[in-house]
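These notes concern the structure reproduced below.
Count residues from 1 along the sequence.
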Amino acid sequence: YMGNSNEARLLLQALGCSDWQSFSHSQNELNLDAFSELLKEFDVTKPQANISEKLIKYLEKEESRRPSELIVTIHKASDLLNADWSGKSDPFAVVTFLNQQQRTRTVDNNLSPEWNESKTFSVPEEGDISKLQIQVFDEDSYTKADDLGTVVVTLKARGSINETWYPLKTATGSLKGKVQVSVQTKYLDPPNLVLPPAPTKPLVERTGRKRALLVGINYVRWEKNKLFGCINDVRNQEKVLTEKFGFQDILVLTDDQTDDTKIPTTENIRRGLKWLTDGSSPGDHLFFHYSGHGSQVTDITGSESDKKNECLVPMDMDWKDKIIIDNELYKAFYEAVEDGVYLTCIYDCCHSGTMSDFSVSRDLILEEDDSESRFLPPPDEIQDALSSIPPETERAFSAPVDNLEGKDVVAFSGCQDNQTSADATINGVKQGAMTWALLTSLQDANYQITNEELLNAMRRKLQGKYTQVPALSTTHEVHFSQPYAFL
């Protein structure tokens, strides 16, 4: 199939591709590697179309179109019957398709001739076109050509046949010799591939300011439930943002600092969120990273379908006022930010899958691990209340929320709401597994990668090591195919 350049061109045309430089015009056939690269490009630029999946289904389905032409190539024969008394046979081949007949040249004195000749046959609009006949004869100057063998080739539903050997049946009914044949089809109509419309959301040029808030909490002042990799997470993130993405205006809150205004208390985190979004305008790029404990509390606002609020855990968490729930993040990022401001969020904590409350999402399923959890168990009375919530009220990962069509927000989450993120030792360094996977995947791609490609790369790095299910969610489908950090 891939060798049929005519059909491949029509297929690409149906997919909306206008780049034909990948074809080898001198050989008139498709370069498979180049075709694969084009498919990758389609998967990136039109992820909503699921091109690769559609092509697989298309190639596996029975062909419903009727070809306009058949191109039959007689390559060679082997071990033919010798019908010449004075030497060896002088074979030629005759191809018969319906009422059309064409022959090859004669090869003198050879029982294993090579022809490599292609013959084109027109296909009528009606009638049985499932078979063609190939006969091999011994040329004789004085008498009728001797029949060396015949084969009837049954055409596949798709028509095309790669180089295939067929045994020849002699006039006496015995099998002697074989012939190698290939068949290609040409079509007047392109394949029936209908793509869904591409997202039409207009893009805003990112020429404005870049500002980031990075929060990493190891809970060094706590007696228990300490973590060890969260500060490393945000320091590593800060280095990448400044050196690779041009961020200079960055506020880092960690609990190893001596400046009381830069330790991650509830008040300082709230102040940081306000600082991050204040004065932003269309074209600006904001970035928020949180590494630390995550948890859940019962929803007292009635806004959550699963009756639970996901929450971040400041270093002075008291399970009452000193707590940052997902509703608060929603107000900080969506109600306070103008349309056209691009925001990237990284949540490397437990119960973060719906922290951003988006309806457009991609998730991943990984395997078991034995690393430390970034989950802070709630007090008994809160845990009892959470446990009493019926399972049927659990919120689906893609639960719909208010219309956020005008917002440009992408969120990478360390795991889903019922799972825990790992605080792990990787290459001898304490760090979050999700942040490690994200930053090293960026490095592997030389920091040129789309959001969905990055998610897939993170999956490959975490596969088989950790139970968590990293997730990607956004306010609009188009952001999956856009560059990470939109830079």
Side-chain angles (χ1 to χ4, degrees), residues 44-45 47 199 201-216 233-253 269-291 312 329-348 352 355-358 360-362 404-413 434-435 438-439 441-443 445-455 457-458 471-487:
V44 170
T45 58
K201 179 179 174 57
L203 303 181
V204 178
E205 186 178 1
R206 304 295 153 192
T207 57
R209 70 177 184 178
K210 299 175 182 179
R211 176 175 284 186
L213 171 63
L214 313 179
V215 181
D233 285 351
V234 297
R235 293 301 180 188
N236 292 335
Q237 184 69 263
E238 180 185 22
K239 180 178 175 66
V240 169
L241 289 177
T242 56
E243 295 182 2
K244 302 300 180 181
F245 294 109
F247 278 74
Q248 298 298 327
D249 197 6
I250 300 177
L251 175 60
V252 179
L253 303 181
I269 294 175
R270 285 173 175 159
R271 186 183 296 115
L273 291 171
K274 187 173 188 305
W275 167 85
L276 179 65
T277 58
D278 270 358
S280 59
S281 59
D284 288 353
H285 191 142
L286 310 181
F287 193 100
F288 175 67
H289 182 126
Y290 174 85
S291 283
L312 307 183
L329 294 173
Y330 181 91
K331 291 179 180 179
F333 290 149
Y334 315 124
E335 294 184 2
V337 176
E338 288 188 48
D339 291 0
V341 175
Y342 195 87
L343 172 65
T344 300
C345 296
I346 309 294
Y347 298 105
D348 196 347
S352 55
M355 192 73 73
S356 297
D357 279 338
F358 296 150
V360 187
S361 60
R362 298 282 190 274
L404 301 174
E405 186 71 19
K407 304 300 180 181
D408 293 308
V409 188
V410 171
F412 287 86
S413 305
M434 180 262 198
T435 300
L438 185 145
L439 295 180
S441 295
L442 284 173
Q443 183 181 31
N446 196 28
Y447 304 94
Q448 301 293 321
I449 191 170
T450 67
N451 290 313
E452 194 158 28
E453 287 174 334
L454 177 57
L455 184 69
M458 292 165 61
L472 169 61
S473 54
T474 179
T475 51
H476 197 281
E477 183 84 23
V478 71
H479 295 312
F480 291 121
S481 61
Q482 289 177 341
Y484 170 75
F486 207 176
L487 298 169

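The closest donor-acceptor contact from the side chain of D278 to the backbone of W275 lies at 3.5 Å or more, if one exists at all. When atom types are taken as modelled, the side chain of S413 and the backbone of Y347 share no donor-acceptor pair closer than 3.5 angstrom.
Looking at heavy atoms from C-beta onward, H285 lies in side-chain contact with T344 at the 4.5 angstrom threshold. Between Y447 and V240 the shortest side-chain heavy-atom distance falls below 4.5 Å. A 4.5 Å side-chain heavy-atom check between N236 and T435 finds every atom pair outside the cut-off. Two residues are said to be in side-chain contact when any heavy atoms from C-beta on lie closer than 4.5 Å; E338 and P282 meet this criterion. Residues L442 and L438 are in side-chain contact: their nearest non-hydrogen atoms beyond the backbone lie under 4.5 Å apart. L329 is listed as a side-chain neighbour of L273, based on a closest heavy-atom distance under 4.5 Å. Inter-residue side-chain proximity for M434 and D233 is flagged as unmet; no heavy-atom pair is nearer than 4.5 Å. Within the 4.5 Å cutoff, the side chain of L286 has no heavy atoms near those of the F333 side chain.
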Evaluate the side-chain contact (heavy atoms from CB on, under 4.5 Å) criterion for residues R209 and S280: first the C-alpha distance (whole Å), next the side-chain angles of each, then the deciding distance (0.1 Å), finally the verdict.
-> CA-CA 8 Å; R209 70 177 184 178; S280 59; 3.8 Å; yes
Do I269 and L312 pass the side-chain contact (heavy atoms from CB on, under 4.5 Å) test, and can you show the C-alpha distance, the side-chain angles, and the key distance before you say yes or no?
-> CA-CA 10 Å; I269 294 175; L312 307 183; 5.6 Å; no
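With sequence neighbours excluded, no residue forms a side chain to side chain donor-acceptor pair (under 3.5 Å) with N446. The side chain to side chain donor-acceptor pair (under 3.5 Å) search around K331 returns none, not counting sequence neighbours. Partners of R271 according to the side-chain contact (heavy atoms from CB on, under 4.5 Å) rule, which considers only residues two or more places apart in sequence or in another chain, are E267, N268.
Across all their heavy atoms, A212 and L241 have their closest contact at CB-CD1, 3.9 Å. Residue L455 comes nearest to A471 through the heavy atom pair CD1-C, 4.1 Å, listed as atom of the first residue, atom of the second, then distance.
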Per-pair distances, 0.1 Å, donor-acceptor, side chain in residues 242-253, under 3.5 Å, sequence neighbours excluded:
| unit_1 | atom_1 | unit_2 | atom_2 | d |
| --- | --- | --- | --- | --- |
| T242 | OG1 | E238 | O | 3.0 |
| T242 | OG1 | K239 | O | 3.1 |
| E243 | OE1 | K239 | NZ | 3.4 |
| E243 | OE2 | K239 | NZ | 2.8 |
| D249 | OD2 | R211 | NE | 2.9 |
| D249 | OD2 | R211 | NH2 | 3.1 |

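D348 contributes atom CG, which lies 10.0 Å from atom OH of Y290 (distance to the nearest 0.5 angstrom). We find the CZ-CG distance between F412 and L454 to be 4.5 Å, quoted to the nearest 0.5 Å. Rounding to the nearest 0.5 Å gives a distance of 8.0 Å between CD of Q482 and OG1 of T474.
Between F287 and H289, the ring planes are parallel. Angles under 30° get that label, and only those over 60° would be called perpendicular.
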